[in-house]
Amino acid sequence: MNAFNEFLTAVFGWLLFPLSNHPLILLLVCGAVVGVLMSLVFKYTSNQSTMASVLDRSRGHILAIKLFKDDLRGMFFSLGCVFYYILLRLWYSVVPVMVLIVPLYFVMSQLFLRFEYRPLAIGEEGIVELQIDGNSWERNRDATMRSDPGFTIETEPLRDENGQSIFWRVEANQPGLSKLRWQLGDSTMEKEIVAAEDCNRLLETGSRRPGTGWLDRTWHAAEPALEQLPVRAVVVHYPQRETPIFGFKFPWWVTFFAVSMITALLAQPLLKVRF
């Protein structure tokens, strides 16, 4: 899984690099491309003739509701048929959704790596959290952290006995990728931390070095998972990245899915696909 994450991160880094200085434009382009690709997958993995037939029948019953408003019994019958055909269309969409869900998950994990957080600015402070396994807390509660010259450790460790976590505050001194290190018994553990002069530019900002859980490892793909170490995860609490549209601030994934859905609908007649 670590090798797959490294390969996927490198591929997305290469694909997204040309527009990395324009995050909002890049997000809109990604949403549009994914919308077209989802439409094509839906077209070739669903029974389009059946979908078209169901859609035409539902439209017929909608028209009947408009034309025969005085026939209460017929109107309710047509309304029930419309709901039935909606459920039928959802049923016929199960296969395309199952085909799409895995690749879309990995696309989202790569976009999360770049759009969810921004790097620390020079002179800006951030919090680093070391989450220790409950069974190893007593042995490792006095763990100390060392840093590359790019960051300064501002505080002594603050321990959360209930959560089995240790916190430090760090300050960015110079742009680029630095590493934080801990000595845990005979093992040395590292976590990457990023600072930048231009925080608007998209960089791989891995906030979490994951543990051994499958979902944790696939969603936080920037660094290898922590294996055979008494640590659940290491988290750098970066600032949230903002991608405002028309003066409003939306989460990046809302913008992404909205653009994807709109693009899919606009591309529907061109690609000759029925949803």
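It should be emphasised that the depicted structure is a prediction, and the values quoted were computed from it without experimental measurement.
Pairing each heavy atom of Glu197 with each of Ile122, the nearest pair is CG-CG1, 4.2 Å.
Glu192 contributes no side-chain N or O that, together with a main-chain N or O of Ser178, makes up a donor-acceptor pair within less than 3.5 Å. A donor-acceptor contact shorter than 3.5 Å is absent between the side chain of Asn140 and the backbone of Ala143. With hydrogens and angles ignored, the 3.5 Å screen pairs a side-chain donor or acceptor of Glu124 with a backbone N or O of Ala121.
In this model, a donor atom of one side chain and an acceptor atom of the other lie less than 3.5 Å apart for Ser165 and Glu129.
You'll find the side chain of Ser147 stays beyond 4.5 Å of the side chain of Thr152, heavy atoms only. The closest side-chain heavy-atom distance from Ser93 to Trp91 is not below 4.5 Å.
Looking at residues two or more places apart in sequence or on another chain, you find no ring pair (Phe, Tyr, Trp, His ring centres under 6.0 Å) involving Trp252. Residues that satisfy the ring pair (Phe, Tyr, Trp, His ring centres under 6.0 Å) test with Phe17, not counting sequence neighbours, are absent from this structure.
Arg209 and Glu190 are not joined by a salt bridge, as no carboxylate oxygen comes within less than 4.0 angstrom of a charged side-chain nitrogen. Salt bridge annotation for Arg232-Asp216: absent, with no cationic side-chain nitrogen under 4.0 angstrom from a carboxylate oxygen.
In this structure, the ring of Phe256 has its center no less than 6.0 angstrom from the ring center of Phe112.
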>> Pair Glu204, Arg114 - check salt bridge (Lys or Arg N to Asp or Glu O under 4.0 Å), show working.
In response: CA-CA 5 Å; Glu204 296 168 10; Arg114 294 161 174 85; 3.2 Å; yes
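Counting non-hydrogen atoms of other residues, nucleotides and ligands closer than 6.0 Å to CH2 of Trp137 gives a total above 12.
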